[in-house]
Amino acid sequence: MTTPTWHERARDLQIDGRAFIDGERTWARGERQFDNHSPIDGRLLGAVARCDAADVDVAVAAARAAFDDGRWANFAPAKRKRILLKFADLMQQHAAELALLETLDMGKPIKYSQVVDVAGAANCIRWYGEAIDKVYGEIAPAPANSLALITREPVGVVGAIVPWNYPMLMASWKIAPALAAGNSVVLKPSEKSPLTALRLADLALQAGIPAGVFNVLPGYGNEAGSALALHMDVDCIAFTGSTRVGKQIMQMAGQSNLKRAWTELGGKSANIVCADCPDLDAAVAASVGSIFFNQGESCNAPSRLFVEESIRERFIEKALALVPGFAPGDPLDERTVMGAIVDDIQLNTVMGYIEQGKAAGAKLVAGGERVRLDTGGYYVAPTIFDQVSPDMTIAREEIFGPVLSVLGFTDVRDAVRQANASPYGLHAAVWTSDLSKAIQTSRALRAGTVHVNQYDNDDITVPFGGYKQSGNGRDKSLHAFDKYTELKTTWIQVGN
């Protein structure tokens, strides 16, 4: 028996676009729907529930009831752990289905949907499941007649709003620590990519997470998202997306019940390559691969490349030799490494920035045009601009597409100043053989993560988040528990 192709699997795939509230699939209370089209070729994937404030009310009420009666929070830590591990197992058992949904929904290559998104999301659920019985409280120094306890308690009902670029992975970064801590969750995925989040809710219930503990509401940001951020019975809102919307989320949190608001926002990450970098080929491969990975639709993409002038021409020559290997292809082909832009809106945004780069006088050395027009999908050729100046729009604003801006420098201190002259501070990198330079530069860069002689090789064990307008709080690592727990002090009198 031959293994069916991904196209054959796609034809046979059953897609359910209904919301998931209190353990059941349901259409929106207002009976509204929206059509979900695939960016790979424009095909209609199906109708999706268009949830709004009425659905948020129902989902939050279900989450609150589940939290208050302790059906999840009061489980022994070992039991919550077993359930989350089973949840991760089920994700891996349904890996092909989840990967296919992810690729069809947002256009990324099926190859990466499998090895990055599904594998990474399942690993995240598993990691936080394993952490449940390994996070301890504290005993503070106290007088002989007292006992001072510092314990973590779940914050309550968590609202999570996640973007379309890594739908399943970003969802796991929110729900895994929130559920591990004992909270109830209402998740709103992007309307551009709701399918894997909905399927995860089915698997969570199957794993043993009680009804009402994990709810998923597809819908638009100004309808379902704002209602969640403004809701008076949501204790915490965790958002990943644009800085513009992140600011609105913070305002809504303040306007309502002063709920804790955590944001992971935009980036314009600087990648500094010095002439003494230990391996120029490795630096080129990482610089090119990281900006074109996921079609450039990554908040931490190294979209500003600073190259020391003495190696600039050689660097560009080596980079251009790699570009053909990133030509967009069929996302359902295992050989494809760059897929489709998520939709026509984002496509027009990317093309608009490319035109701005040309008009500003940057030198277009690769790409710059739409490709695969005959497919009906949204594809942009990998694009590189040389001779970019710091004042150009393409060097200042987040493009969220496969566009690399190359800037030169002669003094690494000047490169750092330019790197820091940004409202963002998510990721950065420096390539050098000089250990002192590497340490001094990494300390000077105002970013939540600094890579040295590599890019984006970190894992779940370290925090992810940014400085400045790249957000507050951290995803990943044990530090994520800080967002979804309250610290309680209990001071006990034990004698006279």
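Basis for what follows: all heavy atoms, side chains included, without hydrogens, waters or symmetry-related copies.
Within a 6.0 Å sphere centred on NE2 of H479, other residues, nucleotides and ligands contribute 12 heavy atoms or fewer. For CZ of R446, the number of neighbouring non-hydrogen atoms (other residues, nucleotides, ligands) closer than 6.0 Å is 12 at most. Heavy atoms from other residues, nucleotides or ligands lying under 6.0 Å from CD1 of I139 number 12 at most. No more than 12 heavy atoms of other residues, nucleotides or ligands shown are found within 6.0 angstrom of CD on E24. Heavy-atom neighbours of R9 CZ from other residues, nucleotides or ligands within 6.0 Å: above the threshold of 12.
In this structure, K108 is not positioned above the aromatic face of Y112 in the sense of NZ or CZ being under 6.0 Å from the six-membered ring centre and within 45° of the axis. For the pair R372 and Y379, the cation sits on the ring face: its NZ or CZ lies under 6.0 Å from the ring centre, inside 45° of the axis.
Aromatic pair Y424/Y467: ring centres not closer than 6.0 Å. Taking the six-membered ring for Trp and the full ring otherwise, W164 and F400 have centroids separated by under 6.0 Å. Ring to ring, F464 and W173 are close: their centroids are under 6.0 angstrom apart. For F20 and F214, the distance between ring centers is not under 6.0 angstrom.
Distance alone, capped at 3.5 Å, places no donor-acceptor pair between the K259 side chain and the M252 backbone.
Annotation: side chain of S190 is not in contact with side chain of P167 (no heavy-atom distance under 4.5 Å).
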